[in-house]
Amino acid sequence: MALGDLMASRFSQSSVVVASNHLDDCASSHEYVDLGSQRRDSETASSSYGNATVSTTTSMAYLPQTMVLCELRHDAFEASVPTGPSDSGLVSKWRPKDRMKTGCVALVLCLNISVDPPDVIKISPCARMECWIDPFSMVPQKALETIGKTLSSQYERWQPRARYKCQLDPTVEEVKKLCTTCRKYAKSERVLFHYNGHGVPKPTANGEIWVFNKSYTQYIPLPISDLDSWLKAPSIYVFDCSAAGIIVNSFIELHEWSASTSSGSTRDCILLAACEAHESLPQSAEFPADLFTSCLTTPIKMALRWFCTRSLLRDSLDYSLIDKIPGRPNDRKTLLGELNWIFTAVTDTIAWNVLPHDLFQRLFRQDLLVASLFRNFLLAERIMRSANCSPISHPMLPPTHQHHMWDAWDMAAELCLSQLPSLVEDPNAEFQPSTFFTEQLMAFEVWLDHGSEHKKPPEQLPIVLQVLLSLSHRFRALVLLGRFLDMGPWAVDLALSVGIFPYVLKLLPTTTPELRQILVFIWTKILALDKSCQVDLVKDGGHTYFIRYLDSMEAYPEHRAMAAFVLAVIVDGHRRGQEACIEAGLIHVCLKHLQCSTPNDAQTEPLFLQWLCLCLGKLWEDFTEAQIIALQADAPAIYASLLSEPQPEVRASAVFALGTLLSVGFDSCRDGVGGDEECDDDEKFRADISIVRSLLSVVSDGSPLVRAEVAVALARFAFGHNQNLKSIAAAYWKPQSNSLLNSLPSLAHIKGRAGGQSQHMTHGTMVSSQIGPLLRVGNDNSSAIRDGRVSSSSPLANSGIIHGSPLSDDSSLHSDSGILNDGLSNGVVNHSGPKPLDNALYSQCVFAICALAKDPSPRIASLGRRVLSIIGIEQVVAKPFKSGGLRAGHLPLTFRTPPVSPPRSSYLTGMRRVCSLEFRPHLMNSPDSGLADPLLGSGVASGPSDRSFLPQSSIYNWSCGHFSKPLLTAADDSEEVLARREEREKFALEHIAKCQHSAVSKLNNQPSWYTKFETVIRTMLLQPFSPIVIVADENERIRIWNYEEATLLNSFDSNDFPEKGISKLCLVNELDDSLLLAASSDGNIRVWKDYTIKGKQKLVTAFSSIHGHKPGVRSLNAVVDWQQQSGYLYASGEVSSIMLWDLDKEQLLNPIPSSSDCSISALSASQVHGGQFAAGFVDGSVRLYDVRTPEMLVCATRPHTKKVERVVGIGFQPGLDPGKIVSASQAGDIQFLDIRNHRGAYLTIEAHRGSLTALAIHRHAPIVASGSAKQLIKVFNLEGEQLGTIRYYPTFMAQKIGSVSCLAFHAYQALLAAGDADACVSIYSDDNTRQR
């Protein structure tokens, strides 16, 4: 099955294609997931823990093959919201605006046989045949009637269902009656008017044609304007007479005049005329007298007769044989049928290649009869021009008589004529089919190999369309068509404009196995461009085809994913489609396959799971009947298991499907009901609760794609459960007195633990310290504050709020009592709604929404703030301080609730100022206007009833983009990427060898580059392959400098609301297109691309790496490190565990217990052994971990014993030895440890007397550097010998350097970058590097 193999080999998500370019030695881009065989091989090769290893193993260890964060989802997630398949605009151009039919044909023949008109002088011999009948072979009247009947039957071949009326040698009255009758019958359909004027004079200069009087003694003129007024539009005229161009010109003048006098558009009138205004019809006996009519109505016969006189076979051919061509025009397996088929393909191709797009659609795709006449008109132009006569049309066509496709027709005609004698002699002889279609398909394939969007389109496209009609060529044609459509939306649009749609629609019922998958692929491509096809598919029952294909186990998962995509488009916002798919059992089919896929099952194609989720989400979106079926089938439980899938796209799609199951209008059924009356919909309510429990488990997912969907789903929940969430929010964030707190056991318990704070908030894993002290909750009448009691149904009385929450981690958040104490009275919270047991869940929801509103991703924070506004919490924005007296920076982002006061008719009057913070009404029409815009909290927004305010999900539209991109070919730039990778690997290996073998004798104490910033430098990084230093300050501003040219390349804020600065900068994918990972002290991670280009930096992903910190801790002091080998990010701080993030899956794998009561103060991941990292603690202890081992902790030691001070820096020694570590404590001692030897350090350097602030260890060269608060940097080798000391700036006065805040070595050169408290950055090199 060639196509299956082709697609299986070529279909994959783009990531694998890119990643596999670098995976010569690895199994796949996900190789690091199994931290086993191959890595262990490289380690066993060096199991002596020495440096004598095989060079390939070394290069593998030093040059990680893993690439992360380079999928489609990371491309400008923040910047744009995709639109998904369109149902308007570009795509609708291909669809004929209104299909039309010619319903009536009026034939007017003015022959007056045996009487020549006065203005015609005939030659001898002269053309005599009319409709292939010699009018002089019988009596004139009979000849006239026979010609009329024959003409009628010739037209019927092209439009059998039309009504035909004929007038022979008529009067003006008869023509009028004919025209009015035809228009009356045709109604709004097109009428064809055919005029043969061979027996009357040429049209007059005024635009009149001639007919007869009753006695045939006079020619009577008939003005074109009368004819036009009787026939009206739409109409098509055929004029077969000399000087026919006069009529066309008169018509055009008439239409222009009527268009200028009335505001109406130009009328739908088409004209075909036999010759120009100054020309006469050909009279040569080789042609029939009605040559133009013969070309239009009997093209094959006319074309062969004309070709016979020009063919090499002309001497051996008997013309009479042409009338005996065996077969029927509609049977393509016969000679006549094949000729007709080839002729259609050739003329269609010429028209498509020569005509403008709109004109081709109008003339060749709107009306079957018009299309046939215009195809045949192209032949008329070719033949009549050879007789010095130029047929014309309105609308006018470009000349086509010399198009090279006529050569292909001539060849097919010659092949036919050569077989004709033998076929006529022996009726049983088989005819030899033409090679025309095979050759044209080959030409199309050649174009596919070399063509592109920017080259001329393939002229064979209309022929491919015709080939679909042939069983023998169909498979190949479909495969080639699939390849063409894969080139992009422009190709799909071209194919649709040619008219591919009805063909592929008719092919759907096919049962041929090899055709099924390519048809699914083709429909995927069509629907990825144009959603409007959903209507046609449902009308023709096409959805059942795709449901069957989706359910067939033998199909490739990628193709089944496409079938799911097609079904998702069919049900997207299309009620008839939703109903049809429910009737066909789509819900149960999808749920069955979702259940079959066990989590983390390598066999299940993630794309398939993703589209099963999206398909069902779209099926039951806003469709209650489908939601009921889903809940009965236990869909929420099936989807909950998908929330731990490794692919973010699958998780996001599962969240989308769960979110669309939530009832948005839930609260509305309660609003009109008094007191505690329960809504009948208890079951739906319970379903909502279970869905939200599942959603809360992924509210802190590592992928913004997933969190965005969680925010949208929580918005639906908040809309449906508005009153309940509002009262919870009001209870939490309104200040309570001590007596009230004491009356609540759970809150009092927190109070006792938290050291006498007067005001407390409950705590949440997600929210941690990020929720600021200020929140304002919208008041409404259901939460009246009075008395000083709390009713038993109050959320505050329930200890479940505090405990048993997945969001809690034994931490409490303290609110700022000074600001919160707004003088509100103590009170009771009354609310009608869920039972108290649900209150814990509501409280977790409120915290989760707040956490989303403070998400490190601006887009998600914006979504979070929209959800907050639904439950009446409004943002309060800190004004950034930029004055000289204060340190430049920002206050943290916080929230507040509106003041408790009677509802106002206008919220504008209720504005007031709070401290140095301000809040203002949020404008409904700018929901995503950035972090600085607060949201509406009181008055109008306290209960938004308009569903349009709900944020919209983007995962479906975003996922549709996958199918718009090429799926069968690798990215064009893969060779370039590979070349750059090889070049960098070569550079790295050369420099690693130099670092290892050339001894660094001394580091020059004069910097090779030096600059000053505004604020304290927190961390820095030297780029390995370009002379670039990246510096971050305590305001989270990142600056990128080229230190060779001393130019600032870019400068941007990593965070609009910085708190403690950036603690770590890392390069992700440093051997490829590197990304900049910036880890803030609060544990938020942001990854940037294009960061070296001024103003072009884009946020690739952002997430909070640390969840839940220790009680009483106000700052996380996050420590983070990145490990390219494994694709893991390690993060810790004031928490009891180390978070292990898999950046490929964007998922928290598992928290590793730190096995210590103390916090981690330094963290370093091995850059050569995936899964291994070392941690230094505040009590001076050091631990080595290996995530590949079951117990994780390899060993622990406490080398810093003299004076218990925190470990400031830690790192692995250069080389492949996994057991050698360097650790430095604040006390000033640097310890060199060999973990195999548990007796402690084998070398200690007393580098500084106290106040050691920074440590840097070179990745490959045997040097370490330490910095001190006492304004000095020392450099040592691994034997403990001091190589240099740096004390002064290179200024004229030799000013001392400031207190050292950070140090960083270049990865492959002996360069040291240093930052200090005086906001200076310097780069020092050894003498060798400086000479180089």
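Taking the centre of each ring, Trp611 and Phe963 come in below the 6.0 Å mark. If you look at Phe1103 and Trp1141, their ring centroids are closer than 6.0 Å.
Counting all heavy atoms, side chain and backbone alike, Val538 lies closest to Gly577 at CG2-CA, 3.8 Å. Heavy-atom minimum distance, Ala626 versus Leu619: CB-O, 3.9 Å. Counting all heavy atoms, side chain and backbone alike, Ala563 lies closest to Val520 at N-CG1, 3.7 Å. For the pair Cys613 and Leu642, the tightest heavy-atom approach, listed with the atom from each and the gap, is SG-CD1, 3.6 Å. Scanning both residues, Gly1127 and Val68, for their nearest heavy atoms gives CA-CG1, 4.4 Å. Across Ser1105 and Met1139, no two heavy atoms sit closer than the pair O-CG, 3.2 Å.
Residues satisfying the salt bridge (charged side-chain N to carboxylate O under 4.0 Å, His left out) criterion with Asp540, sequence neighbours excluded, are absent altogether. Partners of Lys618 by salt bridge (charged side-chain N to carboxylate O under 4.0 Å, His left out), not counting sequence neighbours, listed by chain and number: Asp572, Glu621.
Note that the CG atom of Asp622 and the CZ atom of Arg575 stand 7.5 Å from one another [nearest 0.5 Å]. For the atom pair Asn1069 CG and Gln1124 CD, the distance stands at 5.0 Å (nearest 0.5 Å). Atom CG of Leu496 and atom CG of Leu529 lie 6.5 Å apart (nearest 0.5 Å). How far CG of Leu505 is from CG of Leu537: 6.0 Å, rounded to the nearest 0.5 Å. Summarising the geometry, atom CE belonging to Met562 is positioned 7.5 Å from atom CG belonging to Leu607; distances are rounded to the nearest 0.5 Å. The structure places CD of Gln610 at 4.0 Å from OG of Ser653, a figure rounded to the nearest 0.5 Å.
A 4.5 Å side-chain heavy-atom check between Leu658 and Pro636 finds at least one atom pair inside the cut-off. Side-chain atoms of Lys592 and Asp551, non-hydrogen and from C-beta on, do get closer than 4.5 Å to each other. In this structure the side chain of Tyr639 never reaches within 4.5 angstrom of the side chain of Leu643, judged on heavy atoms. In this structure the side chain of Leu967 reaches within 4.5 angstrom of the side chain of Lys525, judged on heavy atoms. Contact of the Glu649 side chain with the His962 side chain is not registered, since no non-hydrogen atoms from C-beta on lie closer than 4.5 Å. Annotation: side chain of Met1192 is in contact with side chain of Asn1150 (closest heavy-atom distance under 4.5 Å). Phe546 places none of its side-chain heavy atoms less than 4.5 Å from the side chain of Leu550. Looking at Trp958 and Leu705, their side chains come closer than 4.5 Å, going by heavy atoms from C-beta outward.
Asp701 and Ser703 share no side-chain donor-acceptor pair at under 3.5 Å. Of the N and O atoms on the side chains of Ser1104 and Arg707, not one donor lies less than 3.5 Å from an acceptor on the other residue.
Proximity of a side-chain donor or acceptor of Gln1123 to a complementary backbone N or O of Gly1170 within less than 3.5 Å is not detected. At least one donor-acceptor pair under 3.5 Å links the side chain of Gln952 to the backbone N or O of Leu950. Judged by distance alone, with hydrogens and angles left aside, the side-chain atoms of Glu709 form a donor-acceptor pair with the main-chain N or O of Ile955 at under 3.5 Å. Under the 3.5 Å distance criterion, the side-chain polar atoms of Arg651 are matched with a main-chain donor or acceptor of Pro646. A donor-acceptor distance shorter than 3.5 angstrom exists from the side chain of Tyr545 to the backbone of Arg516, with no hydrogens or angles considered. For Gln1125 (side chain) and Gly1171 (main-chain N/O), no donor-acceptor pair under 3.5 Å exists by modelled atom type. Not one N or O on the side chain of His721 forms a donor-acceptor pair closer than 3.5 Å with the backbone of Phe717. Judged by distance alone, with hydrogens and angles left aside, the side-chain atoms of Gln534 form a donor-acceptor pair with the main-chain N or O of Val569 at under 3.5 Å.
Note on ring orientation: taking the six-membered ring where Trp is involved, the planes of Tyr1130 and Tyr1128 are perpendicular (angle over 60°, cut-offs 30° and 60°).
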For this session: Mind running side-chain contact (heavy atoms from CB on, under 4.5 Å) on Leu471 and Arg474 for me, showing each step along the way?
Result: CA-CA 5 Å; Leu471 270 173; Arg474 186 175 292 162; 3.6 Å; yes

Problem set entry | Leu852/Val867 under side-chain contact (heavy atoms from CB on, under 4.5 Å): CA gap, chis, key distance, verdict | CA-CA 9 Å; Leu852 288 168; Val867 187; over 6 Å; no

For this session: Go through the steps to decide whether Ser959 and Phe565 satisfy the test side-chain contact (heavy atoms from CB on, under 4.5 Å), and finish with yes or no.
Result: CA-CA 9 Å; Ser959 300; Phe565 162 74; over 6 Å; no

Problem set entry | Worked verdict on Val699 versus Gln844 for side-chain contact (heavy atoms from CB on, under 4.5 Å) | CA-CA 11 Å; Val699 80; Gln844 291 165 29; over 6 Å; no

